[in-house]
Amino acid sequence: MNFKPIRNSYILSGLMLLLAGDLAAQVPKLPTKWTTQAASAKIPFPEYPRPQLQRKEWLNLNGKWEYLGGKDAPTAQSPKQAISFTGKKENILVPYCPESFLSGIERKQEINMWYKRDFELPADWKGKKVLVHFDGVDHEATVFVNGKPAGKHSGAYDAFSFDISTLLKPGSNSLVVAAYDPNDGKAPSGKNGPRGDYTFSSGIWQSVWLEPVGSTYIENIHLTPDVENNRLAISVAANQGQITVTALDGNKTVSQVSGGTGTTLFLPIKQAKLWSPDDPFLYDLKIVLKDKNGKVTDEAMSYFGMRDIKLGKVNGVVRPLLNGKFEMQVGLLDQGYWPDGILTAPTEEALKSDLEFTKNAGFNLIRKHMKTEPKRFYYWADKMGILLWQDMPAMWYQNEDTLKNRSAFRKELKAVMDDLHNSPSIISWVPFNENWGAFDVKEITAWVKKYDPSRLVNGNSGFNNNPGYQKALGDPGNGDFVDTHIYIGPKGASKPDANRAASLGEYGGIGLFVRGHMWPVENNAYGYEPTVSSLSDRYVLLMQQVEQLMLYHGLSTAVYTQTTDVEHEVNGLLTYDREVEKMDVKKVREINKAIIESGRTLGKAENK
């Protein structure tokens, strides 16, 4: 397989134009084919940000903001008032973190960050409440509207919003965000931390948007498929009113239920079309809120998938069952880093492309490693039919100020689970990885399982590994998986026990150097191959070994490291810029699908 050209002509010409404009002081270390489009976008990510609670009216605030950061910036830690932007300031392109090329700032690490954006409300929003939504700010955000405090939030990986109606005025309004990120490892930060491997990222890193609602509105929804009982459990948060929920298959009404807010309603779904990687069917969901007089005060659209994930026995072996059947989980470790946007994909097309590549290569699982993604990532996983394991981003110093730091981890873990609960593609939560920042692992694993019994939990993926600066807590002994990480592997993978399935949560990590497509640092991997052909054959051999472990030693999951190269790591199936496929995708797809099919022949799944 021949490598593609290093850069195509439209990327080069576009970058030349950028160098004549706002990004004149910067040259991207490694551009992608989306860099030019993203950097020149007036409104990055113009798509509606929240597909599972969608209204017709909204206003996107992504784009150019005034920015003040750097070592001399005023403290942004719990400020009592907004700063003045009359002095020296820069422009930043939201939602890209200030450490990224696409932001227009690209400094090594920001701690105190101040953002300002002026906006005018559409005329037809008059008389409505207005919410400001932040889909991700790292780490502490304090928000001011027209100089007055609107709210404060702590946590980098969950979305939040404030009602700013009483702070608005006719005409122009100002929104100021103070973001404080010490990046000291004492809060969840994943690979974006003092012991993480990659470029730091801080501040606003997901979309910011406004939304008008009525005086009584749908604040949140909670959807849980219950296949065994042929129903969808749904609860709607609102301060008052009656809810009517309608399930739709295209234009056809499938079922309808009404009831009060704040209670669990059960929407019957008879003869459900089940969601699976081979057939990711999604029902549409219409939610209507009415007041005591029967007047509609809010209406939103959503969707859901009917699927069931639990442990059971296949020929006496404990395995994960999807809709009652064993589906061998053949996955990729997906870190979601980008050379131009760091923690944020340059565009929606780019975000979607990683999922499309994964699906096309025959994988049915992604382990979303040490970060969360925008809601539209989960929407595309739901839509395409890709199973997801969702990691909780690790903190690093869990044993310092334990009351504060451990409480912050628990709070954000719950917030992340709440934020992503409705996505049918997520089948497992992973609270800890390789003992990083691990504490009370057994207790937290049990809590996660109790809090969301509709999914599996992998309490400490790769418990056989451990950072040298702390004591290993090891296998919690509970949860749904016995999970080791073996590099290069797969020999030595876990075996199931009486109550848990066996998982190889990471393995592989074989590198290939691709000149002109690598991050400008010393590059490395767990092992190397010299050519696309040899790397592809090596992958096929590893997967044949995985199949032996599946057939004769009870292995149920294998997660190869990784989807793309990431900065110094060159062990991806794609280069970091997504320009070069480093394996023969046809060979990869064939062996992946053959092993998934082999798993299906193991025998009829029986829940015991």
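What you see is a predicted model, and the numbers here were worked out from it, not measured in a lab. Positions are given from 1 along the sequence.
- Judged purely by distance below 3.5 Å, without hydrogens or angles, the side chains of Tyr48 and Glu211 pair a donor atom with an acceptor atom.
- Between the side chains of His421 and Thr224, at least one donor N or O lies within less than 3.5 Å of an accepting N or O.
- Checked by atom type and distance alone, the side chain of Arg455 never pairs as donor or acceptor with a backbone atom of Ile309 at under 3.5 Å.
- The existence of a salt bridge linking Asp340 and Lys29 is excluded, since no basic side-chain nitrogen approaches an acidic carboxylate oxygen closer than 4.0 Å.
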*Derivation and outcome, side chain to side chain contact (heavy atoms under 4.5 Å, CB included), residues Leu573 and Thr564*: CA-CA 5 Å; Leu573 272 71; Thr564 73; over 6 Å; no
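- Distance alone, capped at 3.5 Å, is enough to place a donor-acceptor pair between the Ser407 side chain and the Leu403 backbone.
- In summary, Arg107 and Glu99 do not engage in a salt bridge, as defined by a charged side-chain N under 4.0 Å from a carboxylate O.
- Checking side-chain atoms of Tyr303 against main-chain N and O of Gln52 turns up no donor-acceptor pair under 3.5 Å.
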*Where do Asn524 and His568 land on the side chain to side chain donor-acceptor pair (under 3.5 Å) test, with the steps shown first?*
CA-CA 6 Å; Asn524 53 58; His568 62 87; 3.1 Å; yes
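- In this structure, Lys310 does not pair ionically with Asp480, as no charged nitrogen and carboxylate oxygen lie closer than 4.0 Å.
- The aromatic rings of Tyr283 and Phe304 sit parallel to each other, their planes meeting at less than 30°, with 60° as the upper class boundary.
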*Could you give me the CA-CA distance, side-chain angles and deciding distance for Arg500 and Asn478, then say whether side chain to side chain donor-acceptor pair (under 3.5 Å) is met?*
CA-CA 8 Å; Arg500 297 179 297 169; Asn478 61 345; 5.9 Å; no
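- At least one cation-pi condition fails for Arg410 and Trp447: the charged atom is not both under 6.0 angstrom from the six-membered ring centre and inside a 45 degree cone around its axis.
- When atom types are taken as modelled, the side chain of Asp135 and the backbone of Gln206 share no donor-acceptor pair closer than 3.5 angstrom.
- With Tyr507 as reference, Tyr560 is the one residue of Tyr560, Tyr487, Tyr539 to meet the ring-ring contact (aromatic ring centres under 6.0 Å, His included) rule.
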_Go through it in stages, so that I can follow the logic: the residues are His153 and Asp158, the test is side chain to side chain donor-acceptor pair (under 3.5 Å), and I'd like the CA-CA distance, side-chain angles, deciding distance and then a yes or no._
CA-CA 10 Å; His153 178 267; Asp158 61 303; 3.0 Å; yes
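- Met543 is listed as a side-chain neighbour of Val546, based on a closest heavy-atom distance under 4.5 Å.
- Geometrically, Arg319 engages Phe326 in a cation-pi contact, judged by NZ or CZ lying under 6.0 Å from the ring centre and within 45° of the ring axis.
- In this structure the side chain of Tyr451 reaches within 4.5 angstrom of the side chain of Met417, judged on heavy atoms.
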*asked:* For Asn323 and Ser276: C-alpha separation, side-chain torsions, deciding distance, then whether side chain to side chain contact (heavy atoms under 4.5 Å, CB included) applies.
replied: CA-CA 8 Å; Asn323 301 327; Ser276 70; 4.2 Å; yes
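- Taking the centre and axis of the six-membered ring of Phe377, the NZ or CZ atom of Lys368 falls inside the cone set by 45° and 6.0 Å.
- Ion pairing between Asp354 and Arg578 holds under the 4.0 Å rule for side-chain N and carboxylate O.
- Between Trp436 and His369, the ring planes are tilted. Angles from 30° to 60° get that label.
- Crowding of Lys449 atom NZ: a count of heavy atoms from other residues, nucleotides or ligands under 6.0 Å exceeding 12.
- Between Tyr96 and Phe45, the ring-plane angle classifies as tilted under the 30° and 60° cut-offs.
- At a cut-off of 3.5 Å, with distance as the only test, no side-chain donor of Glu140 or Gln77 sits close to an acceptor on the other residue.
- Remark: side-chain polar atoms of Asn62 are paired, donor with acceptor, to backbone N or O of Pro44 under 3.5 angstrom.
- A donor-acceptor contact shorter than 3.5 Å is absent between the side chain of Thr484 and the backbone of Ala493.
- Between the side chain of Asn460 and the backbone N or O of Asn435, at least one donor-acceptor pair lies under 3.5 Å.
- Between Trp519 and Tyr576, the ring center distance clears the sub-6.0 Å criterion.
- Of the possible polar contacts, none joining the Arg376 side chain to the Tyr379 backbone as a donor-acceptor pair under 3.5 Å is found.
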*Would you check, one step at a time, whether the test side chain to side chain contact (heavy atoms under 4.5 Å, CB included) holds for Lys371 with Asn192?*
CA-CA 9 Å; Lys371 65 172 289 196; Asn192 167 34; over 6 Å; no
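- In terms of modelled atom types and a separation under 3.5 Å, the side chain of Asn364 and the main chain of Val330 share a donor-acceptor contact.
- Under the 4.0 Å criterion applied to side-chain N and carboxylate O atoms, Asp401 and Lys404 are not assigned as salt-bridge partners.
- Residues Ile287 and Val236 have side chains in contact (heavy-atom distance under 4.5 Å, counting atoms from C-beta outward).
- Of the possible donor and acceptor atoms, none in the side chain of Asp181 sits under 3.5 Å from a partner among the backbone N and O of Glu110.
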*Audit row: Gln470, Trp396, side chain to side chain donor-acceptor pair (under 3.5 Å) steps and yes/no*: CA-CA 10 Å; Gln470 66 177 50; Trp396 296 94; over 6 Å; no
*Applying side chain to side chain contact (heavy atoms under 4.5 Å, CB included), run through Leu365 and Val559 and close with a yes or a no.*
CA-CA 8 Å; Leu365 173 73; Val559 181; 3.9 Å; yes
